2 protein chains.
Amino acid sequence: MSTDTGHDQSKSKTSAEPRDRYTVGSVARALTVLDTVAAAPDEGISVSEIARALGTSKSTAFSLVRTLVHRGFLREVLPGPRYHLGMALVRLGDQANRGFPLGRVCEPVLLQLSRDTGLTTRAAISDQGYPIFIARVDSPGAIRFHTALGVRELPHTSSAGKAILSQMSRGDLEALIAETGLPRRTRKTITTLADLELDLEATRRRGYAIDDEEDVEGIFCIAAHFVDRTGKVTGAVSATGIKLDQSSRQIEELGQAVQRAAEAVSALVSDSGRRGMML
Amino acid sequence: MSTDTGHDQSKSKTSAEPRDRYTVGSVARALTVLDTVAAAPDEGISVSEIARALGTSKSTAFSLVRTLVHRGFLREVLPGPRYHLGMALVRLGDQANRGFPLGRVCEPVLLQLSRDTGLTTRAAISDQGYPIFIARVDSPGAIRFHTALGVRELPHTSSAGKAILSQMSRGDLEALIAETGLPRRTRKTITTLADLELDLEATRRRGYAIDDEEDVEGIFCIAAHFVDRTGKVTGAVSATGIKLDQSSRQIEELGQAVQRAAEAVSALVSDSGRRGMML
DNA sequence: CGAGTTGTACGGCACTGCCGAACACAAGGG
DNA sequence: CCCTTGTGTTCGGCAGTGCCGTACAACTCG
């Protein structure tokens, strides 16, 4: 997840290590605290555990946590005390979302698509080929599986990713895959470049991408890419549901609905195009 | 501390103010940067402006910004460069939301209520009497007005606030109002304690609270409180729309729908009550 | 053109953030 | 019952580091 310097937890050697070019150490540590708490289980995490995770002393971790709590970025939940992410992050996260025009543009389309299909719908932007979901509309029954916002997903195991990949040039595709590899997530995950290209070809033919339990067992997704007014692929719209609920004929209909939604997004993006671009 | 270089720092009192007890200064500054960027207009904000806002030197602000960008908490948007809130905040904000069980519990109820009414629906928790919205389902046509998550709203100008206030004891109410006052937001805002108590009495009678352009001109809301299994008021559900769209008879129906939704939340909260409480 | 911005880079002082030690408290296990 | 080993929290003190000032490039405005 966090790029993090990782190995530099060696406290204060000498000045041999140029120490990440001009960044503030204690701030970086504080951000790592946030990531650590985010990665913690639902019951929260204690100061000692945080200290161990950062490789700092308890007292240092305590100071950082104090500061973050004081400002609402963490919240104390007793007894323990243990810590959760705080209200300030909810606030800033919501704000940050608004900063991506795409999110606002997609929202009504996703809502409509969710109503039409009864599924959870999401929109992702393409971050150098990787999908990052930035908007989501949950279906009423979708409490089972959690889908996070703001994280870079794998391109080859998500339908949104494959929708994006399907529009890339051969060279870019190979470069991207060389970088990430094709890690297996389920027994149905595509793990060879040849299979992937076959799938992408099929995707191009039918106009939408299918993820049939390739990322999570029992979950399937359908996605279609959308473009800005210059024709560049900027992201994808996806619908997600439980495998068992779908018949193969429905998939066809779903695919077309998703495709129409993606086209709607493309149109809306072009409209609001004269203003600042997405991302 | 040493010679008085402190031109602007309010902490100029040397040791009088022991400087917020045991918090890390540079981290606090970094968090202030985030708040500053969040408060910035849509075009973003520059390093110099940030520096001025914090009262630090440009170079210091630059270091902080660098660190935050490096970790994805801010993003550079050229030219300028100017800065926006970054992806990491979207990620953590989404995570933080999950940390409030209430949000997850309310989501389906809000969704249903939004479908039934065609309005934007929200759920707030009560933070010592102040409503903080932590979940929201936008109506398709609700792109006009923005409703933020995670911020403490005024209790007397929001329907959710009044729904909560209506269940408080007289003493607590007066203490709360003494603290916050009754600042005017529109010409319809309730600005006297007597009027407020009248309104709260009416709220108790009818079972739901109405905000009739008391917070924002042209906007009206309806809200009902919900309780945990001990009967304590933990928050409120609200529906928000444009004033002109509603007739007075519809308001009656809306009120009942909102009330039913709030009761549904109360029931759900009680069910999942054996686990950690909300907030 | 100069006078005002802006963003970025670097050296050096002293302040502040970090550590370790020490504390109170709680939970087990002899 | 103590003793041990965990917590969370406080504090003094050293030195590392974060802050400021300065400097310079690029850019805009008159």
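Every value quoted in this text rests on a predicted model; they were computed, and no experiment measured them. Quick note: numbers below take in every heavy atom, side chains included, and nothing from hydrogens, waters or symmetry partners. Per chain, numbering begins at 1; letters A, B, ... match sequence-line order.
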Visitor: Is there a donor-acceptor contact under 3.5 Å linking the side chains of S59(B) and S57(B)?
Guide: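 Judged by distance alone, the side chains do pair up.
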Visitor: Examine R66(B) relative to Y22(A) and say whether NZ or CZ is less than 6.0 Å from the centre of the six-membered ring and inside a 45° cone about the ring axis.
Guide: no
Visitor: Taking salt bridge (Lys or Arg N to Asp or Glu O under 4.0 Å) as the test, write out the residues that go with E174(A), two or more places apart.
Guide: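 E174(A) satisfies salt bridge (Lys or Arg N to Asp or Glu O under 4.0 Å) with R170(A) only.
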Visitor: Enumerate the salt bridge (charged side-chain N to carboxylate O under 4.0 Å, His left out) contacts for residues 50-64 of chain B, please, sequence neighbours excluded, ordered by first and then second residue.
Guide: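 Non-adjacent pairs meeting salt bridge (charged side-chain N to carboxylate O under 4.0 Å, His left out): zero.
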Visitor: Rounded to whole angstroms, how far apart are CG on L64(B) and P on dT16(C)?
Guide: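 Value for this atom pair: 14 Å.
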Visitor: Tell me every residue that passes side chain to side chain donor-acceptor pair (under 3.5 Å) with T36(B), counting only those two or more places apart in sequence or in another chain.
Guide: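 Applying side chain to side chain donor-acceptor pair (under 3.5 Å) to T36(B) gives none.
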Visitor: Within the structure shown, what part of the strands sits under 4.0 Å from S57(B) by heavy-atom distance: base, sugar-phosphate, or nothing?
Guide: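 Base: the residue S57(B), judged by heavy atoms under 4.0 Å, touches a nucleobase.
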Visitor: For A28(A), does its backbone N or O pair with a side-chain atom of T67(B) as donor and acceptor, under 3.5 Å?
Guide: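 No, T67(B) side chain to A28(A) backbone: no donor-acceptor pair under 3.5 Å.
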Visitor: Below 3.5 Å between N/O atoms, which protein atoms pair up with nucleotides 5-12 of chain D? Just atom names and distances, please.
Guide:
residue	atom	partner	partner atom	Å
dT7(D)	OP1	R52(A)	NH1	3.2
dT7(D)	OP1	R52(A)	NH2	3.3
dG8(D)	OP1	V47(A)	N	3.3
dG8(D)	OP2	S48(A)	N	3.3
dG8(D)	OP2	S48(A)	OG	2.4
dG8(D)	N7	K58(A)	NZ	3.1
dG8(D)	O6	K58(A)	NZ	3.2
dT10(D)	OP2	R66(A)	NH2	2.7
dC11(D)	OP2	Y22(B)	OH	3.2

Visitor: Tell me, which pairs form a salt bridge (charged side-chain N to carboxylate O under 4.0 Å, His left out) where one or both residues lie in residues 82-96 of chain A, sequence neighbours left out?
Guide: E49(A)-R82(A), R91(A)-D35(B), D94(A)-R136(B)
Visitor: For dC19(D), take OP1 and OP2 only and decide whether either is under 4.0 Å from a side-chain N or O of R29(B).
Guide: yes
Visitor: Taking Watson-Crick (N1-N3 plus N6-O4 or O6-N4) and G-U wobble (N1-O2, O6-N3), each under 3.5 Å, can you produce the dot-bracket string of DNA chain D? Use [ ] for crossing pairs and | for inter-strand ones.
Guide: |||||||.||||||||||||||||||||.|
Visitor: Going by distance alone, is a donor N or O of one side chain under 3.5 Å from an acceptor N or O of the other, for Y130(B) and E153(B)?
Guide: no
